[in-house]
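Below, all heavy atoms of this structure are taken into account, side chains as well, without hydrogens, waters or symmetry copies.
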2 protein chains.
Amino acid sequence: MRPTIADVARLAGVSKSSVSRVLSGNTSYMSEVTRRRVETAIHDLQYRPNMIARSLISNRSHTVGLLISDVSNPFYPEVIHGVEDVAMEHHYDVFLCNINYDLNRGMHFVRSLISRQVDGVMIMSSSMSDEWLTELTRYQIPTVVLDWQVRSIEGTAGSITVDFERGIRAAVDHLIALGHNHFAHVSGPLGLHTSRLRRDAFLSSLAQHGVDPAAVPVIEGDLSIDGGSRGLEQLLSFSQRPTAVFAANDLTALGIVWSARDRGLRIPEDLSVIGLDNIRLASEIHPPLTTVALPQAEIGKMAMHMLLELLQRGEPLEKMLNAQVETQLMIRRSTSPPGG
Amino acid sequence: MRPTIADVARLAGVSKSSVSRVLSGNTSYMSEVTRRRVETAIHDLQYRPNMIARSLISNRSHTVGLLISDVSNPFYPEVIHGVEDVAMEHHYDVFLCNINYDLNRGMHFVRSLISRQVDGVMIMSSSMSDEWLTELTRYQIPTVVLDWQVRSIEGTAGSITVDFERGIRAAVDHLIALGHNHFAHVSGPLGLHTSRLRRDAFLSSLAQHGVDPAAVPVIEGDLSIDGGSRGLEQLLSFSQRPTAVFAANDLTALGIVWSARDRGLRIPEDLSVIGLDNIRLASEIHPPLTTVALPQAEIGKMAMHMLLELLQRGEPLEKMLNAQVETQLMIRRSTSPPGG
DNA sequence: CTGAAAGCGCTAACAT
DNA sequence: ATGTTAGCGCTTTCAG
């Protein structure tokens, strides 16, 4: 049996309260001697406090949940890092849940987190259900959501929205400055809000430069390398081939680059490619990818900070918190004037 | 306040015990009526049992910890999946901890997991400290370790070892059959046991074919893309250039392939490259990478299953459990006869 | 078949 | 400055 606070008390010859006091650092009114005795007893027994018992009293588990679509998506690692760093700083632990693009699985995790009395939850899944939020707020669990148009919810919640506009506009400006005039977009699943945002930002920025959006082919991909490959194939079948393509994410862009290469096209001479996310690989491939960067670690940190803030305020907010992160163009080697 | 079992009991007009009975499905000796009343009360109150309170009694948190080096390492996603899948099946939740290659951080997590009373722990970090295991077994927490030479530990533990031999021998056979006779290896950090295993397997397989191991350059890398690039540069500086190189992992292999390409070498005509792991990217790049595959998902599943078994047996084992997984050569397009 | 009571490990008044 | 007591939400004997 693992030693309990009672064992420590017995060994030290004091009461449980005294032990509890040194555990919580409530040591101001204690005699040096008792403190010492307790400390040695703790050490001798290799006693470790039982968080479960603590949580039962305090109603706080010092744990937060983080729901993501899929660990294997290279967008997440840095985000997770950001979350973990801030969490660790504040002595929180993180329950990472892989939704795996499965809404049911998501709901399962949500219920499980509720039962576990997590103090808060962050949802960063491209596909999520409003139900999750409803369930979470029903039990007053503070929740932060990334990049999801939430109809303002009653309860303690916050959201982080990504300003794609700015980075994407910079990307378009860059392409225009290079002299391109035939564009294309390989999007994410257009059922996703975020895919539409990216597409619209691209098209409207183009329009600002006098390019007719209707003339810009949009191919629906699936945010994967394979989707990018397929997108490129379609692009090549058009009579009017684009000289520059904007991909909804870096994975898609990689698929485009590699398939284009395979077909004998040179990147960037024959085709300029811009991605989005700025995953690690983007700078490691050849040529390194020009991309609209998301501040991944910052997103993670911000989410956890916002959650912490939500946790502090006891009462439900009258209005959801909101924060915005900026995107930023990283110019690398996958873009050049058309023809080189 | 969230409803408790008392609220349900009150609403249903029964005792807490009765509610508890239906919660645990202990419904055999109950009247249909009471069961119904309780069920409706649970539903009306949207009651969710408090796992924390349950755990306090049962001493089991239905939670396991999974320590990994770094989420961003593409080796892990499938492993994590495997673990999660069988964990979910058995109603366990997984605490994912990113050691981040930091031994202190690892110890921190270990202590935290102990305080949280996790039922078991899996350690899958390339660098780990024996201390972790000592600490874990001190508190009788069943632990499964991947690919780490554990001096047999007293307590409830298991290990999964990877048989690199077989897959690597197949890789060497393949290279020899293709007609290669100048080899090189870009290893992982040779401080790591697993790096030495891989290197030794390569060298000894080569020896079996009459190749003098002393004549085979081994360049110490760091299991990253960058390390691969640097490895290739060194390789090119040798008077006798190898025609085939075996990399300690796929990331290293990618670095080699891409850098070689950059320097105008053709893959596989001018250089055959074999990786190890079989990460997803390996089959998505061009040319797809020949690699010694680790059964990632299987490793995850096996680890969780072994942990479950450890959990079943109450008493400490007299001997550690052990299981082995096989590696397998995946022949793709990054290898060919020298010169094409 | 159902309820009352004790107790899991800990903290937080309340005494002393 | 320290000990005593009650109780967090739940399960589990033990009575009835």
* To do: Over 60° means perpendicular and under 30° means parallel, so classify the ring planes of B:Tyr92 and B:His62, tilted if in between.
  => parallel

Looking across every strand, which nucleic acid part, if any, lies under 4.0 Å from [X] by heavy atom: base, sugar-phosphate, or nothing?
X: B:Ser20; answer: base
X: A:Thr34; answer: sugar-phosphate
X: B:Val14; answer: sugar-phosphate

To the nearest Å, how far apart are [X] [atom1] and [N] [atom2]?
X: A:Arg36; N: D:dA1; atom1: CZ; atom2: P; result: 16 Å
X: B:Asp7; N: D:dC8; atom1: CG; atom2: C1'; result: 13 Å
X: B:Lys16; N: D:dT13; atom1: NZ; atom2: P; result: 16 Å
X: A:Tyr29; N: C:dA13; atom1: OH; atom2: C1'; result: 15 Å
X: B:Ile57; N: D:dT11; atom1: CD1; atom2: P; result: 6 Å
X: B:Arg60; N: D:dT12; atom1: CZ; atom2: P; result: 13 Å
X: A:Asn26; N: D:dG3; atom1: CG; atom2: P; result: 15 Å
X: A:Ile5; N: C:dC8; atom1: CD1; atom2: P; result: 13 Å

* With nearest nucleotides of DNA chain C determined for B:Asn59 and B:Ser17 from heavy-atom distances, which residue corresponds to the more 5′ nucleotide? -> B:Ser17

* Asked: What is the minimum heavy-atom distance between B:Phe95 and B:Leu113, and which atoms define it?
  -> CB-CD2, 4.0 Å

* Any donor-acceptor pair under 3.5 Å between the side chain of B:Arg21 and the base of C:dG3? -> yes

* Could you walk me through whether B:Val118 and B:Val64 pass the side-chain contact (heavy atoms from CB on, under 4.5 Å) test, one step at a time? => CA-CA 5 Å; B:Val118 293; B:Val64 296; 5.7 Å; no

* When you look at CZ of B:Arg36, are more than 12 heavy atoms from neighbouring residues, nucleotides or ligands closer to it than 6.0 Å? -> no

* **Presence of B:Thr4 side-chain N/O under 4.0 Å of D:dG9 phosphate oxygens OP1/OP2** => no

* Would you tell me if any nitrogen or oxygen in the side chain of B:Ser18 comes within less than 4.0 Å of OP1 or OP2 on C:dG3? => yes

* Structure fact -> What residues 46-56 of chain A contributes to the DNA chain D interface at heavy-atom separation below 4.0 Å is A:Leu56

* **Residue-level proximity of residues 109-116 of chain A to DNA chain D when a heavy atom falls under 4.0 Å** => none

* To do: Say whether A:Arg37 and A:Ser18, considering side chains only, have a donor N or O and an acceptor N or O under 3.5 Å apart.
  => no

* Asked: Between the side chains of A:Arg21 and A:Thr34, does any donor sit under 3.5 Å from an acceptor?
  -> no

* Salt bridge present between A:Glu32 and A:Arg35 (N-O < 4.0 angstrom) -> yes

* Asked: Should B:Lys301 and B:Glu298 count as an ion pair when the cut-off is N to O under 4.0 Å?
  -> no

* **A:Ile99, A:Val79, A:Ile80 screened by side-chain contact (heavy atoms from CB on, under 4.5 Å) with A:Ile68, the one that passes** => A:Ile80

* To do: Kindly determine whether B:Trp148 and B:Ser125 satisfy side-chain contact (heavy atoms from CB on, under 4.5 Å), including the steps that lead there.
  => CA-CA 9 Å; B:Trp148 184 261; B:Ser125 171; over 6 Å; no

